[in-house]
Amino acid sequence: MLLFRDEGHARKWREAHRIDQGGTMTLQTGWRLAQLWYTDKREPRWRRRTLDEAEAVFAGLGLVGEFWRLRP
Amino acid sequence: MRAGRDVMKPAVETNEDVDRRVRVGLYDGLIRTGSMSSAAELAAELHADVPVVMESFARLGASRAIVLEPDDPSRVRMANPFSAIPTPFAVTAAGRDWWGNCIWDSLGIAACLGTDATIRCSCGDCDQAMRVDIRDGRVEGSGLIHFGVPARHWWDDIIYT
């Protein structure tokens, strides 16, 4: 997961790496995702999310569609 | 094995108990010292046998709680969001310098530590220097986060991802 100056730079990178599809998000969404994902990572109570739970986190941030699906 | 932070040691430890203690010990050691402990270092810290920690590393790696070095199962490459080795994502937070595995994990270091942070990286395309700050729980900076690998394939090769 990389940071680009804007969509134009991300598109150039995709073209250079022959990647048809990518997932993008704003820094604000990325920060919210990081908070949801990692705030408790070093706590004893932490456990890995189930696929359903992880997809629910994505969906809650508007990250939906084929790219964000966790099942084949 | 010595009990770590907030982890009561039960009379009989299950693998799950051991793994919790090893995982918490790994993160606590990283945050205390700034470097990722090896199995031997963590065993000494936790007063445990090295093979016990190695077996726990293997289970934690298999369950994707951590990522082991591909050619050395006694060392941890990633305890996400932290990287044990330098990456293009330098994070300054809590008075130390850290390495994030990617931009998501770099933001995650601020979330995990619960502190302000400064991330220094560069545009994945043109290499122009970029800076992102976390201040008082808000993100400041510009740029677009891009995922090149679909979510269901992230763990096919997590080091590449």
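In what follows, chains are A, B, ... by sequence order, proteins preceding strands, each numbered from 1. Worth knowing before you read on, the calculation uses all heavy atoms, side chains too, and leaves out hydrogens, waters and symmetry mates.
- Residues B:Arg152 and A:Phe67 form no side-chain contact, since every pair of their non-hydrogen atoms from C-beta on lies 4.5 Å or further apart.
- Counting heavy-atom pairs under 4.5 Å between each of B:Leu30, B:Leu113, B:Ile119, B:Ile134 and chain A puts B:Ile134 at the top.
- Using a 4.5 Å cut-off between heavy atoms, A:Arg14 touches chain B through its side chain atoms alone.
- If you measure heavy-atom distances from B:Cys112 to chain A, the contacts under 4.5 Å come from both the backbone and the side chain.
- In this structure, B:Leu144 is not a member of the same hydrophobic cluster as B:Val132, with clusters built from ILVMFWY side-chain heavy atoms closer than 4.5 Å.
- Put simply, of B:Glu140, B:Arg23, B:Met130, the one with the most heavy-atom pairs under 4.5 Å next to chain A is B:Arg23.
- Residues B:Val149 and A:Leu51 are members of one and the same hydrophobic cluster, defined by side-chain heavy-atom contacts under 4.5 angstrom among Ile, Leu, Val, Met, Phe, Trp and Tyr.
- B:Leu107 CG to A:Thr29 OG1: the interatomic distance, rounded to the nearest 0.5 Å, is 11.0 Å.
- The number of heavy atoms from other shown groups lying within 6.0 Å of CD (B:Glu16) does not exceed 12.
- Only the side chain of B:Ile31 comes within less than 4.5 Å of a heavy atom of chain A; its backbone N, CA, C and O stay farther away.
- A:Met1 and A:Val57 fall within the same hydrophobic cluster, where Ile, Leu, Val, Met, Phe, Trp and Tyr residues are linked whenever their side-chain heavy atoms come under 4.5 Å apart, directly or through other members.
- Counting heavy-atom pairs under 4.5 Å between each of A:Thr24, A:Leu70, A:Leu3 and chain B puts A:Leu3 at the top.
- Both the backbone and the side chain of B:Val139 come within contact range of chain A, judged by heavy atoms closer than 4.5 Å.
- When all heavy atoms of A:Ala34 and B:Gly108 are compared, the closest pair comes out as CB-N, 3.6 Å.
- Residues A:Ala10 and B:His146 share a closest heavy-atom pair of CB-CD2, 3.9 Å.
- A side-chain donor-acceptor contact under 3.5 Å links A:Trp31 to the backbone of B:Gly137.
- Proximity of A:Arg5 to B:Gln128: side-chain heavy atoms (C-beta onward) are separated by under 4.5 Å at one or more points.
- Two rings, from B:Phe147 and A:Trp13, have their centers 6.0 Å or more apart.
- Listed here is the closest heavy atom pair of A:His9 and B:Cys126: CE1-SG, 3.6 Å.
- Of the possible donor and acceptor atoms, none in the side chain of A:Lys41 sits under 3.5 Å from a partner among the backbone N and O of B:Ala79.
- Top candidate by heavy-atom pairs under 4.5 Å with chain A, chosen from B:Ser122, B:Gly148, B:Ala65, B:Pro81, is B:Pro81.
- For chain A, no part of B:Ser106 is nearby; none of its heavy atoms comes within less than 4.5 Å.
- B:Phe57 and B:Val50 fall into different hydrophobic clusters, where Ile, Leu, Val, Met, Phe, Trp and Tyr residues are linked whenever their side-chain heavy atoms come under 4.5 Å apart, directly or through other members.
- With a 4.5 Å cut-off on non-hydrogen atoms, B:Arg64 touches chain A through its backbone and its side chain both.
- In the hydrophobic cluster analysis, where Ile, Leu, Val, Met, Phe, Trp and Tyr join through side-chain heavy atoms closer than 4.5 angstrom, A:Leu2 is grouped together with A:Ile19.
- Between B:Asp125 atom CG and A:Phe4 atom CZ the span is 6.5 Å, to the nearest 0.5 Å.
- A 4.5 Å side-chain heavy-atom check between B:Val24 and A:Arg42 finds every atom pair outside the cut-off.
- Using a 4.5 Å cut-off between heavy atoms, B:Leu26 does not touch chain A at all.
- Across A:Tyr38, A:Phe58, A:Trp37, the residue that shares the most heavy-atom pairs under 4.5 angstrom with chain B is A:Tyr38.
- Comparing A:Thr39, A:Leu27, A:Asp6 by heavy-atom pairs within less than 4.5 Å of chain B, the highest count is held by A:Leu27.
- Residues of residues 82-93 of chain B lying under 4.5 angstrom from chain A, judged on non-hydrogen atoms, are B:Phe89 in numerical order.
- Comparing A:Glu55, A:Arg71, A:Glu66 by heavy-atom pairs within less than 4.5 Å of chain B, the highest count is held by A:Glu66.
- Residue B:Arg138 holds its CZ atom at 8.5 Å from CD of A:Gln28, rounded to the nearest 0.5 Å.
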